[in-house]
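Input: a single structure, listed below in structure tokens.
Atoms considered below: every heavy atom in the structure, side chains included; atoms not considered: hydrogens, waters and symmetry mates.
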Amino acid sequence: MKNQSKNLEVSIIIPCYNEENNLNSGVLTQVADFLSTQSFSYEVLICNDQSTDNSLKLVRQFVSNHPHFRALDLPKGGKPGALYGGIKEAKYSILLFTDMDQSTPLKEITKLMPFFNQGYDIVIGSRGLNRQGYNLLRQAGSRVFSAVRNLLLGTNIVDTQCGFKTIKTSIARQIFPQLDTIKNLVNQKGWRVTAYDVEMLFIAQKLGYKIKEVAVEWRNEDLSTSKGNANGRYIKESKLMAKEVWRVLINKLKGAYDS
């Protein structure tokens, strides 16, 4: 990776909403320690989505001692809004989206980055269908979601929802303003993940961009207890994602993406 990454420059975007427990576990130190061993240029943008716990305070304390890290305190916009805030501020040509809990550890970037030298525009991590740390209900739900999504939208991506994705910055800036979740950002309470990934990748395919899916290490490491009950969040997020896949399908049938 070091030889291949000398000319690469990466802006790492980490959405943040009520991540106090994850932050106290030392996830940002893990990120910084890994990056200090790499030869590519990087910055880390931590995008706060109006956290209601001590997350922003902890992030600001960390970045004050780490010059490659920046804290962005953004208007409420859920995960897609937090990502878009980072996209607009990024200074490097490649973006990595990664979750604060580091369920996919940052070292897995070494599996994704070489594909940019092979002509790919978007390289996404994939957890496969058997996901460590997920109960049987969530594993079954993931399989059903993948099958229905691909059937309705005509895609062949196994895992659109893995939070570990790399994309050329210019392409992200082209696609994100077209997402309904960005065009229709509204004030909301709590954490809203959405299926922005589905629409982003669908538009990217429509535009002819080359997408590569790569298996990455993943285990549920989320320690947050202030985003709501885990099972309740799963049910709520599943309903939201189903509605958004349906919305993308309707837009597709209307020809909204043809241009």
Say whether, by atom type as modelled, one donor and one acceptor occur between the side chain of [X] and the main chain of [Y] under 3.5 angstrom.
| X | Y | value |
| --- | --- | --- |
| Asn220 | Asp222 | yes |
| Ser11 | Ala90 | no |
| Thr104 | Phe164 | no |
| Glu213 | Val158 | yes |
| Glu199 | Ile203 | no |

For the student: nearest non-hydrogen atoms of [X] and [Y], plus distance:
| X | Y | value |
| --- | --- | --- |
| Tyr196 | Pro80 | CB-CB, 4.0 Å |
| Pro75 | Gln50 | C-CG, 4.2 Å |
| Asp99 | Ile14 | C-CG2, 4.1 Å |
| Lys88 | Arg173 | O-NH2, 3.6 Å |
| Val59 | Cys16 | CG2-SG, 4.3 Å |
| Leu8 | Phe40 | O-CB, 3.3 Å |

Test item: [X] and [Y] side chains (from C-beta on) under 4.5 Å apart, heavy atoms:
| X | Y | result |
| --- | --- | --- |
| Asp101 | Val27 | no |
| Leu207 | Ile175 | yes |
| Ile46 | Leu72 | no |
| Val10 | Tyr92 | no |
| Leu23 | Asn21 | no |
| Ile124 | Val214 | no |
| Asn54 | Asn24 | no |
| Ile13 | Leu96 | no |

Output all residues satisfying side-chain hydrogen bond (donor to acceptor under 3.5 Å, both in side chains) with [X], sequence neighbours left out; order by chain, then residue number.
| X | value |
| --- | --- |
| Lys210 | none |
| Asp121 | Lys168 |
| Gln61 | none |
| Ser55 | Asp53 |

Please step through ring-ring contact (aromatic ring centres under 6.0 Å, His included) for the pair Phe62 and Phe69, ending with a clear verdict. CA-CA 8 Å; Phe62 186 87; Phe69 287 66; 5.2 Å; yes
Do the ring planes of His68 and Tyr42 sit parallel (below 30°), tilted (30 to 60°) or perpendicular (above 60°)? tilted
Could you measure the distance from the [atom1] atom of [X] to the [atom2] atom of [Y]? Nearest 0.5 Å is fine.
| X | Y | atom1 | atom2 | value |
| --- | --- | --- | --- | --- |
| Leu83 | Leu74 | CG | CG | 10.0 Å |
| Leu223 | Glu20 | CG | CD | 12.0 Å |
| Ile211 | Phe202 | CD1 | CZ | 11.0 Å |
| Lys165 | Leu201 | NZ | CG | 6.0 Å |
| Trp218 | Asp159 | CH2 | CG | 9.5 Å |
| Ile12 | Leu95 | CD1 | CG | 10.5 Å |

List the steps and the verdict of side chain to side chain contact (heavy atoms under 4.5 Å, CB included) for Gln161 and Val198. CA-CA 8 Å; Gln161 304 310 113; Val198 173; 3.3 Å; yes
Might you work through the side chain to side chain contact (heavy atoms under 4.5 Å, CB included) test for Tyr209 and Ile171, ending with a clear yes or no? CA-CA 9 Å; Tyr209 291 120; Ile171 295 173; 3.6 Å; yes
List the steps and the verdict of salt bridge (charged side-chain N to carboxylate O under 4.0 Å, His left out) for Lys79 and Asp49. CA-CA 8 Å; Lys79 186 173 184 178; Asp49 183 48; over 6 Å; no
Do Ser51 and Asn48 pair up side chain to side chain, a donor and an acceptor below 3.5 Å, judged on atom types alone? yes
Side chains of Glu19 and Asn22: donor-acceptor distance under 3.5 Å anywhere? yes
Would Thr98 and Gln102 satisfy side-chain hydrogen bond (donor to acceptor under 3.5 Å, both in side chains), going step by step from the backbone distance to the final call? CA-CA 7 Å; Thr98 183; Gln102 290 296 284; 3.1 Å; yes
Would you sort out whether Val216 and Leu112 count as a side chain to side chain contact (heavy atoms under 4.5 Å, CB included), showing the intermediate values? CA-CA 9 Å; Val216 293; Leu112 274 57; 3.7 Å; yes
Apply salt bridge (charged side-chain N to carboxylate O under 4.0 Å, His left out) to Asp180 and list each qualifying residue two or more places apart in sequence or on a separate chain. Lys183, Arg247
Any chance you could lay out the side chain to side chain contact (heavy atoms under 4.5 Å, CB included) test for Thr166 and Ile122, step after step, and finish with the verdict? CA-CA 6 Å; Thr166 48; Ile122 301 171; over 6 Å; no
Quick test of your reading: applying salt bridge (Lys or Arg N to Asp or Glu O under 4.0 Å), list the pairs with at least one residue in residues 61-75, sequence neighbours left out, ordered by first then second residue. Glu43-Arg70, Arg70-Glu89
Leu56 reachable from Leu58 in the ILVMFWY side-chain graph, under 4.5 Å edges: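 No.
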Ion pair check, Arg127 and Glu217, cut-off under 4.0 Å: no
